[in-house]
Novice: 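I have a structure I would like to understand better, so I am pasting it below and will then ask my questions one at a time.
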Amino acid sequence: MRGSRRLRPGILVCLTLVAFLLLTTDTRAEDTDQIRAYGSVRLGAVYRLHTNQGNGLSIDGFSQAFGFSLGLNLNRYVGIELAADQSQTDLTLAGLGKVAEYGIFSFIPGVRLRYPLLDGRLTPYVTGGLGFGNNQFNDRKAPGANLSIEANDTTLMGSIGVGLEYFVANNVTVGAEVKYQISRDHEISIDGHTQKLNLDSLLAQASLRFLFPETPEIQAGPPEYRTDGRFYIAFRYGFSYTPQTDLGGPFEYRPSEDGIGGPVDQLVAFSFGWDFSRYLGIDVAGGGYSPNLAISGLGNVAEYAVFYIVPQLRARWPLLNDRLVPYVLAGVGGNYVEIKDVKPRGFGLRLEGKNFAVTGAFGAGVEYMVARNIALGTEVEYMISRGNTFTVNGQAQNVKIDALLMTAGIRVYFGEGTTASD
């Protein structure tokens with residue numbers, strides 16, 4: 001598991017702000033006593049209560065945090081959920097500085113107790129649960145090049161917290177949550193000296209929650225799945241695949257260590273847009289991923305982070321009474337590429353790379369409207385990324401970092417759709 005800095009979920013904070021700006025409150029929005037499943041995404045920060053771990057070892061007090069939950073509301077007041085959270089900190093040794101990064105992941109089944117107010121529109125709640133945490137040393141820094149560092153363990157951990165959410169649609173909420181996480185006895189060994197870390201922390205995050213199915217009052221009306229004239233936001237997660245190994249000159253691509261299922265890299269993406277007609281829309285997509293950078297004959301020397309923003313045209317073809325929507329898209333935007341997290345083999349190579357370039361994209365996807373304002377789907381897009389430059393020992397080289405992006409995600413629409421026939 002790699003930390004949240006690799007995925008840079010902080011770029012999705014902009015998406016959360018967009019959600020608040022676009023939300024059009026539904027007069028039928030409320031919490032209910034029906035059994036409903038839900039999924040949620042959370043973005044925020046973690047504050048670690050014990051930065052000084054003893055023996056000259058310390059960790060960061062603050063860092064980004066990203067999380068998601070899957071749950072089930074059993075009635076108006078009680079629900080169960082599985083909550084996962086991810087963050088990362090630096091390991092710092094007195095007299096040396098930052099020697100490595102340390103990824104922190106938690107997975108906690110728990111109970112969520114709610115008490116709806118204001119006719120069910122405002123819902124304060126408390127949560128609590130017991131699960132496990134997995135922590136792992138990664139991305140060794142130059143001051144730690146000659147140290148033996150071992151840290152990869154799983155221990156029990158618990159959490160308790162409070163939250164508040166507001167129904168902006170009958171099946172969409174925005175809110176905030178604060179949790180106290182109890183996470184102790186994680187072992188780390190540095191040059192043969194083993195000690196245990198206390199990672200107790202406070203986690204504060206903003207949230208978006210999506211509930212299924214819609215309320216009975218909404219279900220009873222005629223279907224209105226058309227999205228003409230509606231704005232949306234979308235969250236996607238998946239993988240990037242770089243088809244070429246040779247990037248140019250001595251530089252080569254390697255999949256990151258957290259690649260799953262082969263030579264792919266984790267990808268977090270988002271988009272916001274407007275379907276201005278039944279068949280056409282404008283979409284602004286963004287995201288980021290971090291493959292490994294290698295040098296021929298030497299191996300992995302660093303990582304390079306790729307962040308992109310691409311405005312594009314989305315052509316749709318709704319089927320099955322507008323519930324099934326295949327589409328194609330294409331556009332031109334830009335990317336920012338940066339060499340980061342230099343590996344031990346690259347410490348003496350004077351690696352540099354921090355620049356912008358034009359990016360083109362084209363692709364296709366398909367989604368299914370599971371509610372009048374929520375679509376689930378998959379998307380494949382090819383990113384054409386040329387014109388970036390990497391430098392090693394003062395020698396600059398243009399690199400080709402085209403990538404195939406494969407994601408699954410959720411698209412949330414706001415406002416009322418058009419129901420008039422064409």
Side-chain angles (χ1 to χ4, degrees), residues 1-10 12 37-50 59-60 63-74 78-89 101-113 125-138 151-163 165 175-188 196-211 235-239 256-261 265-268 408-410:
M1 186 276 295
R2 305 301 295 267
S4 60
R5 291 179 195 174
R6 163 182 288 281
L7 298 179
R8 300 278 186 166
L12 298 182
Y38 65 79
S40 71
V41 292
R42 299 187 303 278
L43 302 167
V46 58
Y47 170 64
R48 296 185 178 84
L49 303 178
H50 304 280
I59 59 176
D60 293 337
S63 67
Q64 298 178 62
F66 168 76
F68 65 89
S69 296
L70 298 175
L72 186 68
N73 288 342
L74 302 176
V78 180
I80 55 176
E81 72 173 18
L82 300 175
D85 290 285
Q86 181 175 332
S87 63
Q88 183 158 292
T89 186
E101 294 177 359
Y102 189 61
I104 300 171
F105 179 81
S106 65
F107 184 81
I108 301 179
V111 176
R112 194 167 74 106
L113 304 178
Y125 61 88
V126 297
T127 66
L130 182 67
F132 66 86
N134 176 261
N135 301 329
Q136 180 180 344
F137 144 74
N138 60 71
N152 185 358
D153 69 348
T154 300
T155 67
L156 286 174
M157 67 177 295
S159 74
I160 185 170
V162 297
E165 59 189 7
E177 183 175 287
V178 177
K179 291 189 294 189
Y180 181 83
Q181 291 190 325
I182 304 169
S183 182
R184 303 174 184 176
D185 296 330
H186 293 278
E187 287 193 354
I188 183 170
K196 294 187 176 181
L197 305 183
N198 184 334
L199 302 177
D200 286 7
S201 61
L202 287 175
L203 193 62
Q205 297 170 307
S207 68
L208 277 173
R209 194 182 310 271
F210 315 101
L211 298 99
F235 299 87
R236 297 196 304 277
Y237 174 79
F239 309 104
S256 60
E257 297 174 7
D258 56 0
I260 300 173
D265 303 289
Q266 290 190 64
L267 166 68
V268 173
I410 183 169

Novice: Hey, is the main chain of S40 close enough, under 3.5 Å, to the side chain of S69 for a donor-acceptor pair?
Specialist: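 Judged by distance alone, no pair lies under 3.5 Å.
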
Novice: Is there a side-chain contact between Y125 and V162, using heavy atoms and a 4.5 Å cut-off?
Specialist: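 The answer is no, as the side chains (C-beta and beyond) never meet within the 4.5 Å cut-off.
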
Novice: Quick check for you: to the nearest 0.5 Å, what is the distance between I59 atom CD1 and H50 atom NE2?
Specialist: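 Between I59 CD1 and H50 NE2, I get 9.0 Å after rounding to 0.5 Å.
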
Novice: Identify the two heavy atoms, one from L203 and one from A65, that lie closest to each other, and give their separation to 0.1 Å.
Specialist: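 So the minimum-distance heavy-atom pair works out to CD1-CB, 3.4 Å.
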
Novice: Take atom CG of L49 as the centre, draw a 6.0 Å sphere, and report whether it contains more than 12 heavy atoms from other residues, nucleotides or ligands.
Specialist: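 Correct, the count exceeds 12.
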
Novice: Measure the spacing between CD1 of I80 and OG1 of T127 and express it to the nearest 0.5 Å.
Specialist: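 One finds 14.0 Å between CD1 of I80 and OG1 of T127.
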
Novice: For S63 and R48, test the side chains for any donor-to-acceptor distance below 3.5 angstrom and give the result as yes or no.
Specialist: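 Short answer, yes.
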
Novice: Between N135 and N152, is any pair of side-chain heavy atoms under 4.5 Å apart?
Specialist: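 No, side chains not in contact.
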
Novice: If I take atom NE2 from residue H186 and atom OG1 from residue T154, how far apart are they, to the nearest 0.5 angstrom?
Specialist: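 The NE2 atom of H186 sits 8.5 Å away from the OG1 atom of T154.
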
Novice: Can you tell me how far CG of L202 sits from OH of Y180, rounded to the nearest 0.5 angstrom?
Specialist: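 Taking OH in Y180 and CG in L202, the distance rounds to 7.0 Å.
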
Novice: First locate atom OH of Y38, then atom CD of E81, and finally report the distance between them rounded to the nearest 0.5 Å.
Specialist: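 The distance works out to 3.5 Å.
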
Novice: Go through E165 and R112 one step at a time and tell me if the salt bridge (Lys or Arg N to Asp or Glu O under 4.0 Å) criterion holds.
Specialist: CA-CA 13 Å; E165 59 189 7; R112 194 167 74 106; 3.2 Å; yes

Novice: Given L130 and I108, is the side-chain contact (heavy atoms from CB on, under 4.5 Å) satisfied, shown in steps?
Specialist: CA-CA 6 Å; L130 182 67; I108 301 179; 5.6 Å; no

Novice: Quick one: does any side-chain atom of R42 pair with a main-chain N or O of A84 as donor and acceptor, under 3.5 Å?
Specialist: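 Side chain of R42 to backbone of A84: a pair is present.
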
Novice: CD/Q86 to CD/Q64 distance, rounded to the nearest 0.5 angstrom?
Specialist: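 Here the rounded value is 11.0 Å.
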
Novice: Quick one, Y237 and Q266 - any side-chain contact, counting heavy atoms below 4.5 Å?
Specialist: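 Yes, their side chains come closer than 4.5 Å.
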
Novice: Which is it for L267 and F239 under the side-chain contact (heavy atoms from CB on, under 4.5 Å) test, yes or no, and what are the steps along the way?
Specialist: CA-CA 5 Å; L267 166 68; F239 309 104; 5.6 Å; no

Novice: Report yes if the side chains of F235 and L208 come closer than 4.5 Å at any heavy-atom pair, otherwise no.
Specialist: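 A side-chain contact exists here, since the closest heavy-atom pair is under 4.5 Å.
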
Novice: Less than 4.5 Å apart, side chain to side chain, heavy atoms only: is that true for Y102 and L199?
Specialist: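 A side-chain contact under 4.5 Å exists here.
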
Novice: Are the side chains of S106 and M157 in contact, using a 4.5 Å heavy-atom criterion?
Specialist: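 Yes. Closest side-chain heavy atoms under 4.5 Å.
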
Novice: Check whether any side-chain N or O of D153 sits under 3.5 Å from a backbone N or O of T155 as a donor-acceptor pair, and report yes or no.
Specialist: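 No; judged by distance alone, with no hydrogens or angles, the pair does not exist.
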
Novice: Check T89, L197, N134 against I104 for a side-chain contact (heavy atoms from CB on, under 4.5 Å) and give me the one that passes.
Specialist: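 Exactly one candidate clears the test, T89.
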
Novice: Apply side-chain contact (heavy atoms from CB on, under 4.5 Å) to Q181 and D85, showing your working.
Specialist: CA-CA 10 Å; Q181 291 190 325; D85 290 285; 3.8 Å; yes

Novice: Less than 4.5 Å apart, side chain to side chain, heavy atoms only: is that true for I410 and F210?
Specialist: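 Yes. Closest side-chain heavy atoms under 4.5 Å.
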
